[in-house]
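Taking it in order: structure first as C-alpha cells, then the write-up.
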There are 2 protein chains.
Amino acid sequence: MTLEEVARRAKVSTATVSRVLNNLDVVRESTRRKVLQAAAALNYHPNLNARTLAGGKSRSIGAIVSNLSNPFFVDVLRALDAAARERGYDVLIEHTDYRVTRLRAGVRSLIGKRAAGLALIVSEMDPAVIEEIRASGLPAVYYDVGAAGGKTTNIRVRYETGMQRAVQYLYSLGHRRMAFAGHHAALSPLEVRKKAFLAAMKRYGRQVQSRAALSHDSPAGGAQAVRELLGSGFRPTAIVCVNDYMAMGVLRELRARGVAVPGDVSVTGFDNIELAEFTNPALTTLDIPRAAIGRMALEALLQEEGSETAPREVLLDPELVVRDSTGPAR
Amino acid sequence: MTLEEVARRAKVSTATVSRVLNNLDVVRESTRRKVLQAAAALNYHPNLNARTLAGGKSRSIGAIVSNLSNPFFVDVLRALDAAARERGYDVLIEHTDYRVTRLRAGVRSLIGKRAAGLALIVSEMDPAVIEEIRASGLPAVYYDVGAAGGKTTNIRVRYETGMQRAVQYLYSLGHRRMAFAGHHAALSPLEVRKKAFLAAMKRYGRQVQSRAALSHDSPAGGAQAVRELLGSGFRPTAIVCVNDYMAMGVLRELRARGVAVPGDVSVTGFDNIELAEFTNPALTTLDIPRAAIGRMALEALLQEEGSETAPREVLLDPELVVRDSTGPAR
DNA sequence: GTCTTCATTGTAAGCGGTTGCAGGGCTGCT
DNA sequence: AGCAGCCCTGCAACCGCTTACAATGAAGAC
C-alpha cells in the first residue's frame, strides 16, 4: 500500500492524502473523510522511512542502556519513553550488555536512523563514540559519563556524596571492616562508584579496612563477589554494593553461607529500584531519581532541538534510604 | 552527510559508493579504499531510512512486549535480540504496559517502519490487531495469544499442564485451601493461567477450596493481592502466583504480616526468572524456556521470509522447579 | 458582469539511497 | 593491428512521502 494507491482510490492527489494524514487543516472535510475511508479500506500504513526521509526530521529519539535486565535502566527508559510519547515521539531502545562495540554499533544505528536525539544511559564509554556523536551534530544527553561540547547535556549523580553517606552511616553503626561488591564496566559510573567508595573509606584512614570484589552486573555476579570476598579471608562486617541488582545476589549468598543480615553483616545497595523494598531483609540503599532522569533527558534533547538554553549539566544527590539490611556491627 | 558528498569527495559516482558500503565485491580494491577513506573523513552515516526505502527490505524485526519491568519479557527479548543480531538484523522494541491501545499503536509503528517481521510477546490482545497484522502480510509470531492464517507462527505454553503440576504438588503436600494471585490482562496468558489454575482446582472438587485475587503485574501488585486475599477472611495455606515477578511481592507482604513461608503458607511462582532463585525463601516455580522462545520466535520470522516450511505451532511444557517457598501444609 | 481573493487541490521537485543497464578501458587472442 | 570479452563505473529511474508553488473555482467587491 502506498500513498498513491490511496490517492487513486480516493480520487485525489497524493499531496492531498498526505495533508489529510498529517492533519493539515487546509483540507475540506468531505475530502478528508473520503481519504480516510480509502486509507482504512486499504489497510494503509504510511511508510515511516519515506516519511522521515522526505520530511527531513524524525519523530524518534534513540536511547541506549547497558543492561535491560537491571531494573535501574528500565526505569529510566520507561520515564524517558513516557515523556517522549507525550511529545509525540517514540524511542528506539538499544542495549549494549556493557560492551563498547555494541555501544558503537548502537550509536551508528541510531544516527543512521536519523534519530532526533540520543540518550546514553550507559556505564561503558569510549571517547571515539562521543566524538562520533558530536560530529553527527545530534543533540545528546549523557548519564554519568561526561561529554563536552556540541548539543550535549550531562546528567550526573554525585556518587561521592552517596557513598559517603552510606559509609558514614555504616561507620556510625560501628562498622570498621567494609567491602565493596561491584562489577567491571569499561568506565563510569561503576568505576566511579568504586572510586567513590574507596574515597569515602579513605576519610577514615587506618580506622577502617576495606576490600573490593568485582564480578558482573547481576544477582549471580553479586553472589560471586561475596564468594570471592569471603574466600579471601577478609571478614567484612558490611558490604557496600555498587547497585541493588547485584545486592540481591549478595543477600542470597550470605544467607546460603549462614551469614545473618544484618546480624553478622550489613548490606547496602544503590539505585533504590522497586525490588529493593521486596528483598528479605529489605535493602538499605541510596535512592537515585530514575524517573526524573528519564524525563530530564528527554526535555534536554528536545530543548536542544528548539535551541533554547538547556541546562548543560545536571547534578543529582543520592538519598540514603535506610531499611532492614543494615544494623550495628557485631 | 549524504552518499553524494562522499562520492564527490572520492571522485566516483554514488553508485560506486553504494556498492562499497554494501560490500559488493565488484569494486576495485583501490577504489574501495578511496571511498572508505572519504566516508570516514566525513563521518558519514548511511541514512537507514533511505536505505530501506530504496532497497525495499528492512533489516529490523519488531518485538512488542507487555511489561519491560517484568524480567520474563526482557529475557525473551534478549534472546530474540541475540538471535537477530547473529543474522544481521536488529530489533525494534515496543512495550505496551498491558494496554491494547499501545499494542495497536506499537503494531502500526512497526508496520510503518516496515519491519521484516513482528514478534508479539504480550498478554493483552485484540482481534482487530491480529487482523491488521495479517492484512499487512508481515510474518508474525505470537506468544500465547493465538492467531491463525497468514505468515503466522504460534508459540504457546501449556499452562494447564503447568498449573496442574503446581497444584498437584501442593495437594500432595497436604494443601487444601489455595489461592491464586494474578493480575488483570485483557486476555491470555494471564487469564489463561488463572483459568488453568481454576481448572486444576476443579479436579479436586470439594476437597479443596480456592479463591483468586487480581491486581497489577508488579511486586507491589502481588503484595496488594495478598492484602485482598487475607483481608477477605479466606485463609489459604498456599498461594499460587501468576508469575514470579508478582510472587516477590507476595512473599514480602506475607512476611510483613508475620506469615511464615513456607511454614504457614506455601508460595509458587511461574516463569522461573533469574530472581526466583534469589528471593528469601527461594521460590518454587514453573520454568518456561524464555531464551528458547526468543530464539524460536526469530527463527520462525526469518523462516517465513524464506518461505520454507515453518512450524506453525510450538507447544512448551512448563517444568516444576521446587525450591524453598513450598512445604507441607500446616 | 468583471476582477480580486481565498479556500482547496494538484504538480512536480526533491529526500538519500539501490540497482538494472550501458559504456569505457584493458587484456588476450588471432 | 584489430576485435571480442571481462572489469569496473557511471547513468538514471525509482522507492514512498513532503512541500513549495501553481492552478482551479467559487465567493465577494465594485
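Note that these values count all heavy atoms, side chains included, but never hydrogens, waters or copies made by symmetry. Letters A, B, ... mirror the listed sequences (proteins, then strands); counts begin at 1.
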*A:D217: salt bridge (Lys or Arg N to Asp or Glu O under 4.0 Å) partners, not counting sequence neighbours*: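 In terms of salt bridge (Lys or Arg N to Asp or Glu O under 4.0 Å), with neighbours along the sequence ignored, A:D217 is linked to no residue.
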
*Where B:V91 and B:A84 come nearest, the two heavy atoms and their spacing*: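 Closest pair (atom of B:V91, atom of B:A84, distance): CG1-CB, 4.0 Å.
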
Answer yes when [X] and [Y] have at least one side-chain N-carboxylate O distance shorter than 4.0 Å, and no when they do not.
X	Y	result
A:R9	A:E5	no
A:R108	A:E132	yes
A:E124	A:R102	no

Value in whole Å for how far the [atom2] atom of [N] lies from [atom1] of [X]:
X	N	atom1	atom2	answer
B:L3	D:dG10	CG	P	13 Å
A:E4	C:dT11	CD	P	11 Å
A:K11	C:dG10	NZ	P	12 Å
A:L53	C:dG16	CG	P	7 Å
B:R8	D:dG10	CZ	C1'	16 Å
A:K34	C:dT8	NZ	C1'	11 Å
B:M1	C:dC15	CE	P	14 Å
A:N23	D:dT18	CG	P	12 Å

Taking only N and O in the side chain of [X], is any of them less than 4.0 Å away from OP1 or OP2 of [N]?
X	N	answer
A:S13	C:dG10	yes
A:T31	C:dT9	yes
B:R28	D:dC7	no

*Is the backbone N or O of A:S18 less than 3.5 Å from a side-chain atom of A:N22, with the two atoms forming a donor-acceptor pair by type?*
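Between the backbone of A:S18 and the side chain of A:N22 there is a qualifying donor-acceptor contact (under 3.5 Å).
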
*Which residue pairs pass the salt bridge (charged side-chain N to carboxylate O under 4.0 Å, His left out) test when at least one of the two sits in residues 62-78 of chain A, sequence neighbours left out?*
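The answer is A:D75-A:R290, A:R78-B:D97.
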
*Which residue pairs satisfy the salt bridge (charged side-chain N to carboxylate O under 4.0 Å, His left out) criterion with at least one member in residues 32-56 of chain A, sequence neighbours excluded?*
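Residue pairs with at least one partner in residues 32-56 of chain A: A:E29-A:R33.
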
Pick base, sugar-phosphate or nothing for [X], based on heavy-atom distances below 4.0 Å to the nucleic acid.
X	value
A:T52	nothing
A:V12	sugar-phosphate
B:V27	sugar-phosphate

*Go along nucleotides 19-26 of chain D 5' to 3' and tag each nucleotide: B for a protein heavy atom under 4.0 Å from its base, S when only backbone or sugar atoms are that close, - otherwise.*
BB------

*How bent is the helix from C:dG1-D:dC30 to C:dT30-D:dA1, comparing axes over its five end pairs at each side, to the nearest 10°?*
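About 50° separates the two local helix axes.
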
*Are A:H216 and A:Y98 near enough that their ring centres are under 6.0 Å apart?*
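When the ring centroids of A:H216 and A:Y98 are compared, they turn out to be at least 6.0 Å apart.
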
*Which residues in residues 38-50 of chain B have at least one heavy atom lying under 4.0 Å from any atom of DNA chain D?*
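Contacting residues: none.
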
*Among B:V6, B:L36, B:T16, the one residue meeting side-chain contact (heavy atoms from CB on, under 4.5 Å) with B:L21*: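 Single side-chain contact (heavy atoms from CB on, under 4.5 Å) partner of B:L21 among B:V6, B:L36, B:T16: B:L36.
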
*Testing A:Q303, A:R312, A:E299 for side-chain contact (heavy atoms from CB on, under 4.5 Å) with A:T153, which one passes?*
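Looking at A:Q303, A:R312, A:E299, the match for A:T153 under the side-chain contact (heavy atoms from CB on, under 4.5 Å) is A:R312.
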
*Determine the sole option in A:D90, A:N49, A:N47 for which the side-chain hydrogen bond (donor to acceptor under 3.5 Å, both in side chains) test with B:K113 is passed.*
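Checked A:D90, A:N49, A:N47 against B:K113; only one passes side-chain hydrogen bond (donor to acceptor under 3.5 Å, both in side chains): A:D90.
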
